Amino acid sequence: MRSEDLTVEVRHALLPALEQSIIAAVLIDEADRILFFNHAAERLWGIACDEVLGQDVRTLVPQAIRASHGGYIRKHRESGTDRVVGMSREILVERKDGGTLLAVFSLSKIDVAGRVHYLALARDVSDEVARREESDVTEERNIRDLQRAVLEAVASDIPLQDVGDFLCRRVEAIAPGVTSSILLVDAAHRLRTWAGPRLPPEYSAALDGVEIGEGVGSCGTAAFRGEAVLVADIETHPLWAPYKQLALPHGLRACSSYPIKRRDGSVAGTFAFYFGEPRGPDAFHERIVDACVHLCMLAIDREESRQQINKLAQFDGLTGLPNRSQLHRHVDCLLAAAPVGEIAFFCIGPDRFKDVNDTFGHAAGDQMLVEVANRLRAPLRPDEFLSRIEGDLFVVVAPGCGVERASLLARQLQLAVGETISVAGVPLGMSVSIGISHCPEGGSDRDALLQNARSAMYRANEAGGGNWLFYSPEMNQIARDRLLLGAALKHAIASDLLQLHYQPQVRLDRGGISGVEALLRWTDPELGDVSPERFISLAEEIGEIDAISQWTLREACRQMAQWRAAGVPVPVMSVNLSPANLRCSGLPEFMAGLLREFGLPGSCLTIEITESLMLDLTPQTQDILGRIRALGAGLSIDDFGMGYSSLSSLASLPVTEIKIDRSFVADCLDEDPERQRRARALVGAMIGIGHSLGLAIVAEGVEDPRQCELLVHLRCPVAQGYLFARPAPPAALQRWLDAWPAGAGVSG
Ligand code: C2E
Ligand code: CA
Ligand code: CA
């Protein structure tokens with residue numbers, strides 16, 4: 001309602017009403033003279049109405065600002081802005097008795113009988129202000145306490161997770177009705193739960209790993225935008241549409257989330273308040289947030305530097321390789337295993353490194369070390385551990401590494417490093433000296449093993465560099481022998497110096513033979529006869545086993561074809577293969593090609609495999625065996641009964657034959673009656689298993705007629721051993737066959 005609409009009577013009636021008001025009312029005219037002063041005003045200023053009526057209003061203004069008051073008022077009136085009017089503000093009231101109090105004050109311009117007047121209304125708010133200040137002080141103190149406590153937690157060694165939980169609990173203690181949550185943003189821009197002890201665990205788990213973005217609730221959006229996102233009602237807010245069903249069932253209705261920012265402005269995480277009812281944060285909440293995002297950033301900073309320090313403590317800053325302390329931990333771990341397997345330790349030092357440093361400077365030296373580190377990595381298997389433990393000293397630890405692999409690896413490491421490197425624009429030939437120690441031969445003391453490898457490296461270096469040496473002389477001898485042997489074997493394979501001998505497998509039930517086993521023979525012009533047990537494992541190590549097996553298969557097929565053409569009665573040829581051969585997926589095709597080439601049916605070949613194949617049986621090896629069987633060839637489990645997995649090999653492989661290991665056959669005649677009894681029972685059981693699965697059964701290593709009698713008694717169908725014939729060249733086998741009774745069984 002506008003004052004022009006009021007009648008003069010109403011205006012006159014207002015003043016008496018104001019007289020009774022509990023709010024102080026002062027009416028002044030245009031010349032600032034006080035025309036009206038009610039009871040409440042008398043109480044407020046502590047001055048009687050008579051004393052002020054007709055006086056200038058400045059008598060009511062506190063002494064200190066009285067002088068400037070007139071000018072202040074005039075300025076506003078003259079500028080026409082009249083900003084003093086209508087303002088509701090707090091003013092200081094100076095009472096006549098000298099006391100002061102605070103009042104809220106407003107001023108209205110009113111028109112009385114065509115003349116401008118001002119009506120001031122004021123109310124004492126001293127108590128309210130005092131109360132408000134008191135609560136501000138409490139809140140301020142609470143926040144300060146929280147800051148101090150959390151800072152202490154950050155500074156101590158408490159894990160990040162616990163610091164976050166602690167912070168949330170402190171916040172919740174001073175801000176009732178709030179559930180707080182802290183999330184981190186990982187390198188892949190995904191939310192990671194850090195803390196939120198009062199949030200339901202399944203809710204936190206659902207948020208973990210969610211990618212940040214627009215519309216990913218309050219936190220995902222706040223992290224994405226890098227600014228606060230206040231959602232007063234989760235139920236209806238579009239940012240929560242895809243996520244509200246996660247929150248609402250847990251009574252989470254509103255969520256205000258604030259980004260935690262690094263100094264560079266990137267978002268490290270979010271700090272959020274959830275409320276149980278639709279609402280936003282109040283001023284106190286916002287003061288808490290201000291404090292908390294800083295605390296969170298501090299805690300994150302500290303965690304990140306802690307991780308950095310950890311990394312520095314474990315890795316070499318130049319090459320990024322594990323350092324000495326991590327090497328020690330790793331070796332201790334390997335040596336703690338029971339049983340400790342074979343482990344080889346290599347100390348590797350670039351030759352003439354000091355010269356490079358002296359000539360080209362340290363930057364060039366560093367560049368060279370980084371290059372050496374990269375090259376050393378190349379020939380290593382995943383479980384072989386490379387570290388740099390001193391300026392120019394690298395250490396490789398290779399578990400499960402025998403003397404042969406060790407010398408092979410040393411050679412490979414040397415080749416890997418050995419290429420020219422350009423240092424400061426100058427191409428330099430590089431070489432390394434390598435010292436090797438070996439566990440268990442060199443004991444199982446970590447420091448001694450490393451020290452021994454190191455002194456071997458010095459000797460290798462003194463001998464001119466570009467060389468490797470084992471610590472122990474015997475080891476060097478073995479390694480040298482193996483190296484020579486390896487070279488000789490390669491030569492033998494290439495120059496067709498290998499031979500096959502054949503050992504017949506004799507039928508015990510009826511006469512004749514069931515087949516022959518092809519066994520490799522190598523007579524080296526210098527080294528003499530080398531047993532297949534020795535050179536087969538060497539061939540596996542130096543990567544020649546496929547070449548050997550291909551040669552063997554071809555020679556066996558060629559011989560078989562020749563016998564068939566000559567009418568020599570050999571029904572089946574058994575060929576031994578290494579488990580390593582069954583990694584070669586072309587093997588079945590290779591065999592098929594041989595069968596075609598020599599015009600043989602697949603059924604005249606049997607492949608002998610030891611059940612150590614079961615150790616790394618993959619779908620691929622299964623497939624290869626299946627395809628070999630599909631050719632019609634047989635599959636025999638050699639040395640049956642010796643390993644852990646003999647029985648499971650029967651279940652998982654397409655087996656057609658078992659060969660009972662010769663140790664059981666030997667034990668059947670053992671002096672110890674108990675041992676003898678057990679061996680006989682075992683042989684009987686194996687024969688039983690073979691029969692019940694419909695497999696061919698061969699007993700190996702039969703040397704004594706009593707073993708033969710026993711096998712006949714136990715219904716073993718086939719036997720092989722020196723009793724009947726030693727492995728022999730084809731011509732000798734043929735002579736033996738001519739003499740062997742074809743018709744009748746051994747037992748007659
Ligand atoms: P294996 O497959 O168990 O072969 C049987 C071994 O027992 C042969 O030794 C054979 O000469 C020997 N032997 C035969 N009868 C008797 C006997 O009555 N008493 C005794 N004490 N021994 C007998 P060899 O030829 O020295 O072969 C040793 C191992 O070398 C073979 O064991 C086999 O694992 C491996 N091997 C031989 N030739 C080949 C081959 O061509 N390829 C592959 N991968 N391994 C082969
Ligand atoms: Ca065999
Ligand atoms: Ca065997």
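Note that ligands are numbered from 1 as they come in the structure, with each ligand's atoms numbered from 1 the same way. Computed over heavy atoms, backbone and side chain alike; hydrogens, waters and symmetry mates excluded. Source: prediction; values computed, not measured.
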A.B. asks: Under 3.5 Å, is there a donor-acceptor pair between the Ser574 and Glu517 side chains?
C.D. replies: no
A.B. asks: Kindly indicate, with the supporting measurements, whether the criterion salt bridge (Lys or Arg N to Asp or Glu O under 4.0 Å) is fulfilled by Glu462 and Arg459.
C.D. replies: CA-CA 5 Å; Glu462 279 156 19; Arg459 273 192 285 127; over 6 Å; no
A.B. asks: If you measure every N/O of Asp638 against every N/O of ligand 1, is any gap under 3.5 Å?
C.D. replies: yes
A.B. asks: Please give me the minimum heavy-atom distance between Val403 and His438, naming the atom from each residue.
C.D. replies: N-NE2, 4.2 Å
A.B. asks: Which atom name does Glu517 have for its N/O/S atom nearest to the Ca ion (ligand 2)?
C.D. replies: OE2
A.B. asks: Can you confirm whether more than 12 heavy atoms, excluding those of Arg534, are under 6.0 Å from its CZ atom?
C.D. replies: no
A.B. asks: Could you tell me which atoms of ligand 1, counted from 1 in the order shown, lie closer than 4.0 angstrom to a heavy atom of Glu517?
C.D. replies: 2 (O), 4 (O)
A.B. asks: When you measure from the Ca ion (ligand 3) to each N, O or S atom of Glu700, which atom gives the shortest distance?
C.D. replies: OE2
A.B. asks: Please examine the side chains of Asn581 and Asp546, heavy atoms only from C-beta on, and report whether any two atoms are closer than 4.5 Å.
C.D. replies: yes
A.B. asks: Got the closest protein heavy atom to atom 7 (O) of ligand 1, with its distance?
C.D. replies: Arg662 NH1, 2.7 Å
A.B. asks: Can you confirm, on distance only, whether ligand 1 has an N/O atom lying under 3.5 Å from any N/O atom belonging to Gln503?
C.D. replies: yes
A.B. asks: With a cutoff of 4.0 Å, is Gln720 in contact with ligand 1, counting heavy atoms of the residue only?
C.D. replies: no
A.B. asks: Looking at side-chain heavy atoms only, is the closest gap between Pro601 and Leu595 below 4.5 Å?
C.D. replies: no
A.B. asks: What protein heavy atom sits nearest atom 16 (C) of ligand 1, and how far off is it?
C.D. replies: Tyr722 CE2, 3.2 Å
A.B. asks: Nearest 0.5 angstrom please: Leu682 CG to Phe664 CZ, how far?
C.D. replies: 6.0 Å
A.B. asks: Could you pull out, from Ile548, Asn576, Thr610, the option with a heavy atom nearest to atom 40 (C) of ligand 1?
C.D. replies: Asn576
A.B. asks: Note the single closest protein heavy atom to atom 29 (C) of ligand 1, along with its residue, its atom name and the distance in Å.
C.D. replies: Glu533 OE2, 3.8 Å
A.B. asks: Work out whether the distance between some heavy atom of Arg726 and some atom of ligand 1 is less than 4.0 Å.
C.D. replies: no
A.B. asks: Within a distance of under 4.0 Å, is there any protein heavy atom near atom 32 (O) of ligand 1?
C.D. replies: no
A.B. asks: Quick check on atom 38 (N) of ligand 1 - does any protein heavy atom sit closer than 4.0 Å to it?
C.D. replies: yes
A.B. asks: Find all atoms of ligand 1 within a distance of less than 4.0 Å from any non-hydrogen atom belonging to Ile536, and give their numbers and elements.
C.D. replies: 43 (C), 45 (N)
A.B. asks: Show me which atoms of ligand 1 lie under 4.0 Å from any heavy atom of Glu703.
C.D. replies: 17 (C), 18 (O), 19 (N), 20 (C), 21 (N)
A.B. asks: Any chance CZ of Phe394 has more than 12 other-residue heavy atoms, nucleotides or ligands included, within less than 6.0 Å?
C.D. replies: yes
A.B. asks: Counting neighbours of CD on Glu419 that are heavy atoms of other residues, nucleotides or ligands and sit closer than 6.0 Å, is the number greater than 12?
C.D. replies: no
A.B. asks: Any idea which atoms of ligand 1 are less than 4.0 Å away from a heavy-atom of Asp639?
C.D. replies: 3 (O)
A.B. asks: Quick test: of every protein heavy atom, which one is nearest to atom 24 (P) of ligand 1, and how far off is it to 0.1 Å?
C.D. replies: Pro532 CG, 3.7 Å
A.B. asks: Should we count NE2 of His691 as having more than 12 external heavy atoms under 6.0 Å?
C.D. replies: yes
A.B. asks: Give the residue, atom name and distance (to 0.1 Å) of the protein heavy atom nearest atom 11 (O) of ligand 1.
C.D. replies: Pro727 CG, 3.4 Å
A.B. asks: Is any side-chain heavy atom of Met560 closer than 4.5 Å to a side-chain heavy atom of Cys604?
C.D. replies: yes
A.B. asks: At the Ca ion (ligand 2), what is the angle formed between atom OE1 of Glu608 and atom OD1 of Asn576, rounded to the nearest 10°?
C.D. replies: 90°
A.B. asks: Between Leu469 and Ala456, what is the shortest heavy-atom contact and its length?
C.D. replies: O-CB, 3.7 Å
A.B. asks: When Asp670 is tested against each of Arg675, Arg678, Arg706 for salt bridge (charged side-chain N to carboxylate O under 4.0 Å, His left out), which residue passes?
C.D. replies: Arg675
A.B. asks: So with a 6.0 Å cut-off around CZ of Arg329, is the heavy-atom count from everything else above 12?
C.D. replies: yes
A.B. asks: So, do Leu582 and Ile628 sit near enough that their side-chain heavy atoms are less than 4.5 Å apart?
C.D. replies: yes
A.B. asks: How wide is the angle at the Ca ion (ligand 3) spanned by Asp639 OD1 and Asp638 OD1, rounded to 10 degrees?
C.D. replies: 90°
A.B. asks: Below the 3.5 angstrom mark, is there an N/O of Leu520, backbone or side chain, next to an N/O of ligand 1?
C.D. replies: yes
A.B. asks: Show me which atoms of ligand 1 lie under 4.0 Å from any heavy atom of Leu577.
C.D. replies: 44 (N)
A.B. asks: How far is atom 10 (C) of ligand 1 from the closest protein heavy atom, and which atom is that?
C.D. replies: Leu519 CD1, 3.8 Å
A.B. asks: With a cut-off of 4.0 Å, which atoms of ligand 1 are near a heavy atom of Ser578?
C.D. replies: 44 (N)
A.B. asks: Find all atoms of ligand 1 within a distance of less than 4.0 Å from any non-hydrogen atom belonging to Glu700, and give their numbers and elements.
C.D. replies: 3 (O)
